[in-house]
Protein chains: 2
Amino acid sequence: MKITEAMQNYLKTIYRLQERDGVVSTSSLAIAMSVAAPSATGMMKKLVRYRTVRYTRYQGVVLTKTGRQIALEVIRHHRLLELYLAASLGYSWDAVHEEAERLEHVISEDFEERVFEALGRPTRDPHGEPIPTREGALPVWNHDSLADLEPGASGTIRQVRDSSPDMLRYLGARGLVPDAVIRVVDKAPFNGPLTVNVGASTHALGRDLARHIRVEMRPMLGEQE
Amino acid sequence: MKITEAMQNYLKTIYRLQERDGVVSTSSLAIAMSVAAPSATGMMKKLVRYRTVRYTRYQGVVLTKTGRQIALEVIRHHRLLELYLAASLGYSWDAVHEEAERLEHVISEDFEERVFEALGRPTRDPHGEPIPTREGALPVWNHDSLADLEPGASGTIRQVRDSSPDMLRYLGARGLVPDAVIRVVDKAPFNGPLTVNVGASTHALGRDLARHIRVEMRPMLGEQE
DNA sequence: ACTAGAATTTAGACATTCCTAATCATTCAA
DNA sequence: TTGAATGATTAGGAATGTCTAAATTCTAGT
C-alpha cells in the first residue's frame, strides 16, 4: 500500500488536465502520459483502490481530496525544484523542467523544507506558476490571456505556461518572461498574430502561443477609481 | 537494454564489498542489499548479460571494467550530493547519506557538473571519502586504522567510514570528524577500548568503532629525516 | 431509431524485481 | 571419505506497469 512514482505522475497529470477540462477522459490522460489507452484505464482502477480518484466507466476520472493533495504535493516539489535549480545552480528557465521532473519524486520533506527556506519562502516558480503551500493550498490568480488583449492594452507578464525548452528559449530571447512589461501594438483578425512591444523591441506572436502567456493588465488611464 | 536503478544499486554494492573482501558471494551481496539470496543470484545473471560482472556459479562475482565504471559513476554522484547537501543546504553529516541515496540515481550529468563546479571541484565528501573523477578514477590513500595506533601516537582523522546516522552523531558530538587532530592516550589489550585525546577532551572508544576511523599519522619527533 | 465510427474497456502477454520452498553443490569435521 | 551443515541455485509465483488485439459501449448523423 504505497503511492508509487507512476501513481504520483498520473495524479499530477490528472490534476493538470482537470484544471483545463474538468472531467478527465481516458484518452486525454493516455496522451498526456504518453502511454496506450489500456494503461490509463488500468491505472485509473488502481487509483480508485487508493481513493485518490472517482471513476465511472466510460466517463473519465476526477480527483478526490486525497488525490488532489498528493498532486499538489508533487507540484510543490516540482516548482520549488525549478526555482532552486535556476536560482542556486544557474540553470536556465528552459532547462529546469526536465531535471525537476525526475527529482520531484525522490526528495524528502526535509529537503523540500530546506529548499523552501533557502529560497526565502517563495510563492512562484521561474515560469510564474504559483507554488502550492505545504498544506496543499494553491493561490489562483485569474490573469488574462495575452491572446485576449486588444491593441493599445498593456500589462505585466505573470505566467508563461509552456514546458517546451525550445519555446521557452524562443520567448526568453524576445524578453517574454514573467515580470516583463508589454504592450499590444496590433492584432490581426482570424486568429492571426499579435504584435507586441516588449521593452524596446517589437515582436509578432502567433495567437496560439500568446494564449499560453498570462498577463496582469495595467488599468487604463482614467479607468482607476 | 538500459541500466536500471536496481542494477546501479547492485553494482555499487558489489563495488563496496569487492573492495573489502575481493570476490563477492551471493549471500554477502543479498545481505548488503537487504534481499533474499535468489534475488541476488537472479540479478547476477542479469548483470552478466550486460557484461558488468564476471560470475561463476557457486563462486561469486567480480566487476568488469564496465561494471566498475558504472559503480564509480554512482558513487561520484553520491559523494558529490553528500557534500552539496552539507555545504549548501545545511544538512548535518549524519543526515546526508539517506538523501543522497535516493538522489544519486536521478540526477543528470549536467546537475553533477554544476554541483561539482559550485563546490569548487572537491575531492572528498563530508566523511572524508574520496570522490571519483568524472573519468572514473578514484584516488586511494592508505591511511592507518585508528585501532592500530599505539599509545602516544597522534595524527589527523581523514575518513570516518560509517553510514549509520546514530554512530555519526555520536562521533561528531565527540569531535571525531575528518581533519580533527587526535592522540592515543591509552590502549587496553584484548580488543578493549582505546582512550584518545580530541582537542581538549578525552574519550574511550571501542576497538571495533576505531577500526572505521582512518588516521594520517603525524611523524614522531625525531623520526623526520 | 439505427448504425457506423470513435472511445473505452477487457483479455492476454511480457519485462522487472522481488519472494518462498525445494533442490543441488560445497566444505569441513569426524 | 563421507555426511551434515552451510551456501547457492532452480522452480514457481506475485506485484507493477506496460503493450497489442479484440470486444464492448457510447455518440452522432441520417
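Side chains are part of it too, since the values below use all heavy atoms of this structure and drop only hydrogens, waters and symmetry mates. The chains referred to below are lettered A, B, ... by the order of the sequence lines, with proteins before strands, and numbering in each begins at 1.
The minimum heavy-atom distance linking A/G136 with A/L72 is given by the pair O-CD1, 3.1 Å. Heavy-atom minimum distance, A/G128 versus A/W141: O-CZ3, 3.5 Å. The minimum heavy-atom distance linking A/V160 with A/P178 is given by the pair CG2-CD, 4.0 Å. The heavy-atom pair separating A/D144 from A/M217 by the smallest distance is OD2-CG, 3.6 Å.
Screening B/E5, B/E19, B/E101 for a salt bridge (Lys or Arg N to Asp or Glu O under 4.0 Å) with B/K12, the sole residue that qualifies is B/E101.
A salt bridge links B/E113 and B/R134; the closest N-O separation between the charged side-chain nitrogens and carboxylate oxygens is under 4.0 Å. By the 4.0 Å N-to-carboxylate-O rule, A/E112 lies close enough to A/R76 to be salt-bridged with it. The pair A/K187-A/E150 meets the salt-bridge criterion, since a charged nitrogen lies less than 4.0 angstrom from a carboxylate oxygen. A salt bridge is absent between A/R68 and A/E73: the closest approach of a Lys/Arg side-chain nitrogen to an acidic carboxylate oxygen does not fall below 4.0 angstrom.
Only A/S25, A/T26, listed by number, bring a heavy atom of residues 17-26 of chain A to less than 4.0 angstrom from any atom of DNA chain C. Residues of residues 53-61 of chain B that place a heavy atom closer than 4.0 Å to DNA chain D, in numerical order, are B/Y55, B/R57, B/Y58. DNA chain C lies under 4.0 Å from no heavy atom of any residue of residues 100-107 of chain B.
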B/H127 and B/E82: CA distance, side-chain angles, deciding distance, side chain to side chain donor-acceptor pair (under 3.5 Å) verdict: CA-CA 9 Å; B/H127 307 111; B/E82 286 196 338; 3.1 Å; yes

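Among residues two or more places apart in sequence or in another chain, the side chain to side chain contact (heavy atoms under 4.5 Å, CB included) test is passed with B/P122 by B/L80, B/L83, B/F116, B/L119, B/I131. Residues satisfying the side-chain hydrogen bond (donor to acceptor under 3.5 Å, both in side chains) criterion with A/E216, sequence neighbours excluded, are A/R158.
Residue A/S27 has a polar side-chain atom (N or O) positioned under 4.0 Å from OP1 or OP2 of C/dT8. An OP1 or OP2 oxygen of C/dT10 is reached within less than 4.0 angstrom by no side-chain nitrogen or oxygen of A/T41.
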Nucleotides 16-22 of chain C: protein proximity per nucleotide (B base, S sugar-phosphate only, - neither; heavy atom, under 4.0 Å): SSSBBB-

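Summarising the geometry, the separation between CG on B/L29 and P on D/dT9 is reported as 11 Å, rounded to the nearest angstrom. Look at CD1 on A/I3: it is 11 Å from P on D/dT16, rounded to the nearest Å. One interatomic measurement links the two molecules: CE of A/M44 to P of C/dT9, which rounds to 6 Å at whole-angstrom precision.
A heavy-atom distance below 4.5 Å is found between the side chains of B/D208 and B/N191.
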